[in-house]
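Keep in mind that the numbers below use all heavy atoms, side chains included, and drop hydrogens, waters and symmetry copies.
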Amino acid sequence: MLKRILLFLLLVGAMQMSSATKIAVLSDIHALSPRLVEPESSAFEKYAAANMRMVKESTEIFTTAIAQLLEEHPDVVLVPGDLTNNGELLSHEWVVAQFEMLQRHGIKVLVVPGNHDINNPYAKAFHADHTTEAATITREEFRRLYEPFGYGAHSIGDSASLSYVAEPVDGLVVIGIDSNRDEENRLKSRGDSITTYHTAGRVKPATLQWIATQARQARAQGKRVVAMMHHHLVEHFDGEARMLHQYVVADWEEVRNTLLQAGVHVAFTGHLHITDIARDYNNGDSITVVATSSLSAYPFHYRIATIEGDCMHVDTRRVSAVPSNPALLADGKAHVEDAVAGLMTGMMDRGLQKIDRISKQYASAMVLPGGAELFTLLPRRQEILNLCKQHLLPSAQAAMVALYEGNEANHPQSEQLIANLEKGINQVLLAVLPIETSNFIHEFVQENLLPQVHNVIRSMLQDRNHCGTPQETIVNDHTATFPL
């Protein structure tokens, strides 16, 4: 009798395992076709050195991930955008060939475009010591190239965008959401008078309503529904939509609410190259948004999500080495750290220019000694940059690595890192602010600015959404289980 019971339990377990659906998620592959790079190209070496991604290894990282997926053998692979380096036609064709290999092994692939993929004016070919423009693609060409991967006869397409609905596995509906503004890009190489490039995202109103209708219909039929889009659907740290507006989809709260009301509770995104899982709420309902880091940047993560019943479980995998670089992880981490100084310089310059504009705008209203001239900080650019590097650079490097890795709250030095960042920011501000207004300005900074900075840093490095509110949530970024 005991043997029969054990056999029955094993059979039930096997049935449950066989009914599970396994999804892999690769994001921001940023593959660059080898045909676009000449051997020993100094132009390419210069480009790769200035990039936070491991551009030279990008194709090897992708093929290594493909090999790992062939062993894991998910039912479907989702790719929420930025398949190519900068939308080069040759890179798209190379990526398509890799996806065809997965399809030949019985693994379905669904994609949506990212801001890098279509009408990109920065598509380049790298020669010995210079670059030339490379052919890019239009939206219609994207639809044609990726017909087997979401845009063919087995899906329902939105007439207003490159969004679609597909059912790669019986009972599982995937909504691919086109959140890009590449239609607004302009390319002189195609005869336009100017060149423009948009990284920010939005979902067209007609598309949003179409998505909601498709989701409701799927739910009414008893099917599970997941969404994917390139841009962040919700804030992954407090203030993200204000500080990094180009990474969070426009009118994100309306988009979130519409998806929730239509029965969508899980979405996969990319774009910011961080490993993070955020949970957001509206009227007591919740949506879990899984952001996956760039496959071609440290720590080279991708996701495996398993659906059983009405729950999804997410695990995180990585590519640790490639044939040409066994030390990929260490080199990738160093690459991120090296890039932080440049990012800091760019952020500081934008901040100084904004302060300069505001000070001139309100000069007539100032009654402080010296007026607006006190806040004209641009002439002190190098001094301020040196202060930032002195007081903030090591902590900023550690914070960037922690954000890329995910699970910042579990970082053994999280609390110390927060303290170091806050101390460094305070030291820079006190050194930069004009002596003539020290009491007034320092009081304002202490009472208004620094508490906001504190909340943002805590939200980032303690992995908190809605920090300090009744809806404060901490979700494990690497492994999590949540309802569909």
Checklist entry - Does any N or O in the side chain of S459 come within less than 3.5 Å of the main-chain N or O of V456, such that one atom is a donor and the other an acceptor? => result no
Item to check | Modelled atom types, side-chain donor and acceptor of T199 and N115, under 3.5 Å | outcome: no
Checklist entry - Any side-chain donor-acceptor pair under 3.5 Å between H127 and D129? => result no
Checklist entry - Just checking, any donor-acceptor pair under 3.5 angstrom between side chains of D285 and N283? => result no
Checklist entry - Heavy-atom count around R35 CZ within 6.0 Å, excluding the residue itself: above 12? => result no
Item to check | Polar side chain donor-acceptor pair, T275 to S293, under 3.5 angstrom | outcome: yes
Checklist entry - Quick one: does T64's side chain have a donor or acceptor within less than 3.5 Å of a partner on E60's backbone? => result yes
Checklist entry - Going by distance alone, is a donor N or O of one side chain under 3.5 Å from an acceptor N or O of the other, for D276 and Y404? => result no
Checklist entry - Does a side-chain N-to-carboxylate-O contact under 4.0 Å join E183 and K204? => result yes
Item to check | Polar side chain donor-acceptor pair, R202 to N180, under 3.5 angstrom | outcome: no
Checklist entry - Counting only N and O atoms by type, is there a donor-acceptor contact under 3.5 Å from the side chain of T84 to the main-chain atoms of D117? => result no
Checklist entry - Between D178 and L162, is there a donor-acceptor pair closer than 3.5 Å when you use the side chain of the first and the backbone of the second? => result yes
Next on the checklist: Under 3.5 Å, is there a donor on one side chain and an acceptor on the other for H230 and S179?
Outcome noted: no
Item to check | Any donor-acceptor N or O pair under 3.5 Å, side chains R303, T316 | outcome: yes
Checklist outcome for this item: In terms of heavy-atom contacts, A339 and M52 come closest through CB-CG, 3.2 Å
Item to check | Y298 backbone acceptor or donor facing H273 side chain under 3.5 Å | outcome: no
Item to check | Residues T473 and R279: side-chain donor-acceptor under 3.5 angstrom | outcome: no
Next on the checklist: Using only atom types and a distance under 3.5 Å, with no angle test, would you say the side chain of Q103 pairs donor to acceptor with the backbone of P148?
Outcome noted: yes
Checklist entry - Would R143 and E140 pass as an ion pair if we require N to O under 4.0 Å? => result yes
Checklist entry - Going by atom types alone, do Q214 and Y164 pair a side-chain donor with an acceptor below 3.5 Å? => result no
Next on the checklist: The test is side chain to side chain contact (heavy atoms under 4.5 Å, CB included); show your working for F44 and T131 and say whether it passes.
Outcome noted: CA-CA 8 Å; F44 181 61; T131 64; over 6 Å; no
Item to check | Derivation of the side-chain hydrogen bond (donor to acceptor under 3.5 Å, both in side chains) call for D238 and N465 | outcome: CA-CA 6 Å; D238 294 355; N465 299 126; 5.1 Å; no
Next on the checklist: Could you check whether any side-chain N or O of Q397 sits under 3.5 Å from a backbone N or O of E337, counting only pairs where one atom can act as donor and the other as acceptor?
Outcome noted: yes
Checklist entry - Has H154 got more than 12 heavy atoms of other residues, nucleotides or ligands less than 6.0 Å from its NE2? => result no
Checklist entry - Nearest 0.5 Å, what's the CD-CD1 distance between E71 and I66? => result 12.5 Å
Checklist entry - If you measure from the Lys or Arg side-chain nitrogens to the Asp or Glu carboxylate oxygens, is any gap between R53 and D28 under 4.0 Å? => result no
Next on the checklist: Test your reading of the model: is there a side-chain donor-acceptor pair from E88 to the backbone of N86, 3.5 Å cut-off?
Outcome noted: yes
Item to check | Under 3.5 Å side-chain donor-acceptor pair for N407 and N476 | outcome: yes
Checklist entry - Charged N to carboxylate O under 4.0 angstrom, R256 versus D280? => result yes
Item to check | Those residues that, when tested against T469, pass side-chain contact (heavy atoms from CB on, under 4.5 Å) (two or more places apart) | outcome: H466, Q471
Checklist entry - Can R224 and M312 be said to form a side chain to side chain contact (heavy atoms under 4.5 Å, CB included), step by step? => result CA-CA 10 Å; R224 305 178 184 96; M312 174 179 283; over 6 Å; no
Checklist entry - So, Y146 versus H92, ring centres under 6.0 angstrom or not? => result yes
Next on the checklist: Looking only at side-chain N and O atoms, does T21 offer a donor or acceptor that is under 3.5 Å from a partner on D75?
Outcome noted: no
Next on the checklist: Closer than 4.0 angstrom, basic N to acidic O: yes or no for R242 and E235?
Outcome noted: no
Checklist entry - Where do R219 and V173 land on the side chain to side chain contact (heavy atoms under 4.5 Å, CB included) test, with the steps shown first? => result CA-CA 9 Å; R219 281 297 191 188; V173 170; over 6 Å; no
Checklist entry - So, does D310 use its side chain to make a donor-acceptor pair with the main chain of P483 at under 3.5 Å? => result no
Next on the checklist: Can you see whether N120 engages T136 through a side-chain donor-acceptor pair at a distance of less than 3.5 angstrom?
Outcome noted: no
Item to check | Between F99 and F149, ring centroids under 6.0 Å | outcome: yes
Checklist entry - When you look at NZ of K124, are more than 12 heavy atoms from neighbouring residues, nucleotides or ligands closer to it than 6.0 Å? => result yes
Next on the checklist: Tell me if the centroids of the rings in H245 and H232 come within less than 6.0 Å of each other.
Outcome noted: no
Checklist entry - Is the backbone N or O of H116 less than 3.5 Å from a side-chain atom of D82, with the two atoms forming a donor-acceptor pair by type? => result yes
